[in-house]
There are 2 protein chains.
Amino acid sequence: MSLPHAILTALVEKPSSGLELTRRFDRSIGYFWSATHQQIYRELGKLEADGFIRTLPSAQPARGQKKSYEVLPAGRAELARWTAASQDPKPHRDPLLLRMRAAAVVGTDGIEADLRRHLDLHRWQLAEYEEIEKRDFPPGKDSSQDRLRHLVLRAGIDLETFWTQWLSRALEEFAELPGHETA
Amino acid sequence: MSLPHAILTALVEKPSSGLELTRRFDRSIGYFWSATHQQIYRELGKLEADGFIRTLPSAQPARGQKKSYEVLPAGRAELARWTAASQDPKPHRDPLLLRMRAAAVVGTDGIEADLRRHLDLHRWQLAEYEEIEKRDFPPGKDSSQDRLRHLVLRAGIDLETFWTQWLSRALEEFAELPGHETA
DNA sequence: CCCGGTTGTGCAACTAGTTGCATAAAGGCT
DNA sequence: AGCCTTTATGCAACTAGTTGCACAACCGGG
């Protein structure tokens with residue numbers, strides 16, 4: 001049940017319309033909580049019905065018209081409650097590790113190319129994160145808010161670093177496996 | 001669509017009943033692809049209907065009776081196909097990072113205790129993985145299968161190591177935040 | 001011998017997330 | 001004016017996963 005809170009967080013940071021939220025999810029919050037525009041619109045409806053957000057008075061509500069939302073005090077309170085509440089970590093689900101395990105029993109034929117592709121994607125994501133770090137967190141920018149946000153970004157950077165290293169290692173390992181095509 | 005393949009992998013490794021599979025998921029495959037017994041039973045039914053697995057002839061099928069399954073050639077072929085097929089990485093979803101970001105806007109009150117709890121859980125999991133590594137992958141055990149399985153376990157170890165480090169750092173960071181209770 | 005706990009299998013309802021498509025206004029182009 | 005693309009919002013159907021419960025056989029103790 002995190003999507004409504006992801007949206008509340010985004011809206012507290014800055015009131016937005018559904019599409020603006022969708023774009024912001026693609027760029028920043030979506031790095032650790034992705035959502036499609038359909039999910040977002042549906043959830044905005046629920047949040048409004050619950051009295052957590054409201055449409056900004058200025059905009060007239062018509063289909064195809066921009067409709068911006070802002071967080072109400074009740075929404076902020078709910079967000080604070082959820083943030084402080086204890087939550088059990090959900091078990092991981094990683095198809096790539098699963099495939100590696102499957103490869104151990106049915107053979108590694110064909111998986112290598114995809115591993116390379118994933119490696120490229122993770123390298124690309126890592127570069128993007130490092131770009132953001134350089135841009136948004138230059139030395140000196142260390143208010144409480146900045147420090148916390150930087151911490152979150154660091155998690156992203158470290159995770160991508162892990163994946164690039166792990167995938168590199170996996171590919172090296174493959175190269176040493178008997179029956180490997182060295183051409 | 002990974003659960004059926006997770007089950008096929010487990011069954012290729014060793015034919016099992018639904019409950020045995022459930023237990024094995026709790027111990028090993030579940031570390032990166034968790035599943036409840038209900039999911040497993042449902043999926044076993046589908047896999048049987050698809051002709052990928054069959055019940056071992058010996059057992060008589062009655063409710064409350066053990067019913068073991070084994071993988072048929074078609075199942076093995078499907079597993080090989082899936083393993084080799086290219087798959088796009090699914091976007092992450094991490095509630096803890098989301099909460100940290102929310103904490104940046106609504107304050108860190110109350111989240112610290114849960115962070116400590118998570119740190120303990122990750123430390124515990126890390127210790128378990130290291131135990132398994134010592135037990136199952138002593139030096140010298142390095143057939144192709146062992147190397148691949150070890151690689152998967154290494155991913156688990158490295159990820160837990162990352163989380164323990166990140167959480168420790170987050171807690172240090174908190175201690176330096178203005179308004180932090182030092183008692 | 002029957003009663004309660006454990007083992008094993010399973011259904012049904014619910015929740016969350018994804019996919020595909022529909023609708024509407026606005027702006028440019030000819 | 002008519003048409004095409006882009007921006008913006010939204011519904012409906014589907015898929016995957018979770019939760020709660022039910023049922024059946026077996027096994028031990030009083």
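All chains are named by letter (A, B, ...) in the order of the sequence lines, taking the proteins before the strands, and each is independently numbered beginning at 1. Any value given below was found using the heavy atoms of this structure, including those in side chains, with hydrogens, waters and symmetry copies removed.
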Response to the item:
CD of Gln145(A) to CZ of Arg101(B), rounded to nearest 0.5 Å, is 10.0 Å

Fill in: First of Glu20(B) and Arg42(B) reached from the 5' end of DNA chain C, by closest nucleotide
Glu20(B)

Discussion item. Just the rounded figure in Å: distance from P of dT9(C) to CD of Glu43(B).
Written reply: 16 Å

Worksheet entry | Rounded interatomic separation in angstrom, taking CG from Leu3(A) and C1' from dG17(D) | 17 Å

Discussion item. Using the side-chain heavy atoms of Arg93(B), tell me which of these nucleotides is nearest: dA16(D), dG17(C), dT7(C).
Written reply: dG17(C)

Worksheet item: Between Leu21(A) (CG) and dT9(D) (P), how many Å, whole number?
Response: 9 Å

Worksheet entry | Nearest-nucleotide 5' precedence on DNA chain D, Leu19(A) against Met1(B) | Leu19(A)

Worksheet item: Picking from dG17(D), dG17(C), dA16(C), which would you name as closest to the side chain of Trp33(B)?
Response: dG17(D)

Discussion item. Checking Asp114(A) against Arg117(A) for the salt bridge (Lys or Arg N to Asp or Glu O under 4.0 Å) test, could you report, in this order, the C-alpha distance in whole Å, the side-chain angles of both residues, the deciding distance, and whether it holds?
Written reply: CA-CA 5 Å; Asp114(A) 207 36; Arg117(A) 196 171 63 91; 2.9 Å; yes

Item to complete: May I have the distance from Ile7(A) (atom CD1) to dG17(C) (atom P), rounded to whole angstrom?
Response: 10 Å

Practice prompt. Let me know the distance between OH of Tyr69(B) and P of dG8(C), rounded to the nearest Å.
Written response: 14 Å

Discussion item. Between the base of dT7(C) and the side chain of Arg23(B), is there a donor and acceptor pair under 3.5 angstrom?
Written reply: no

Response to the item:
When Ser34(A) and Tyr41(B) are each assigned the nearest nucleotide of DNA chain C, the 5'-most assignment goes to Tyr41(B)

Worksheet item: Between atom NZ in Lys90(B) and atom P in dT15(D), what is the gap in whole Å?
Response: 14 Å

Worksheet item: What does Ser17(B) touch in the nucleic acid at a heavy-atom separation under 4.0 angstrom: a base, only the sugar-phosphate, or nothing?
Response: sugar-phosphate

Worksheet item: Quick one: the side chain of His37(B) and the base of dG8(C), do they pair up donor-acceptor inside 3.5 Å?
Response: no

Discussion item. Counting only side-chain heavy atoms from C-beta out, which of dG10(D), dG8(C), dG20(D) sits nearest to Gln38(B)?
Written reply: dG20(D)

Worksheet, complete the sentence: When every non-hydrogen atom of Gly107(B) is compared with those of Thr83(A), the smallest separation belongs to O-CG2, 4.5 Å

Item to complete: Any chance you could measure Glu130(B), atom CD, to Thr161(B), atom OG1, to the nearest 0.5 Å?
Response: 6.5 Å

Discussion item. Is the shortest side-chain heavy-atom distance between Lys46(A) and Pro4(A) below 4.5 Å?
Written reply: no

Fill in: From dG10(D), dT19(C), dG17(D), nucleotide with atom closest to Lys67(A) side chain
dG10(D)

Practice prompt. Please report, rounded to the nearest Å, how far the P atom of dC11(C) is from the CG atom of Leu44(B).
Written response: 12 Å

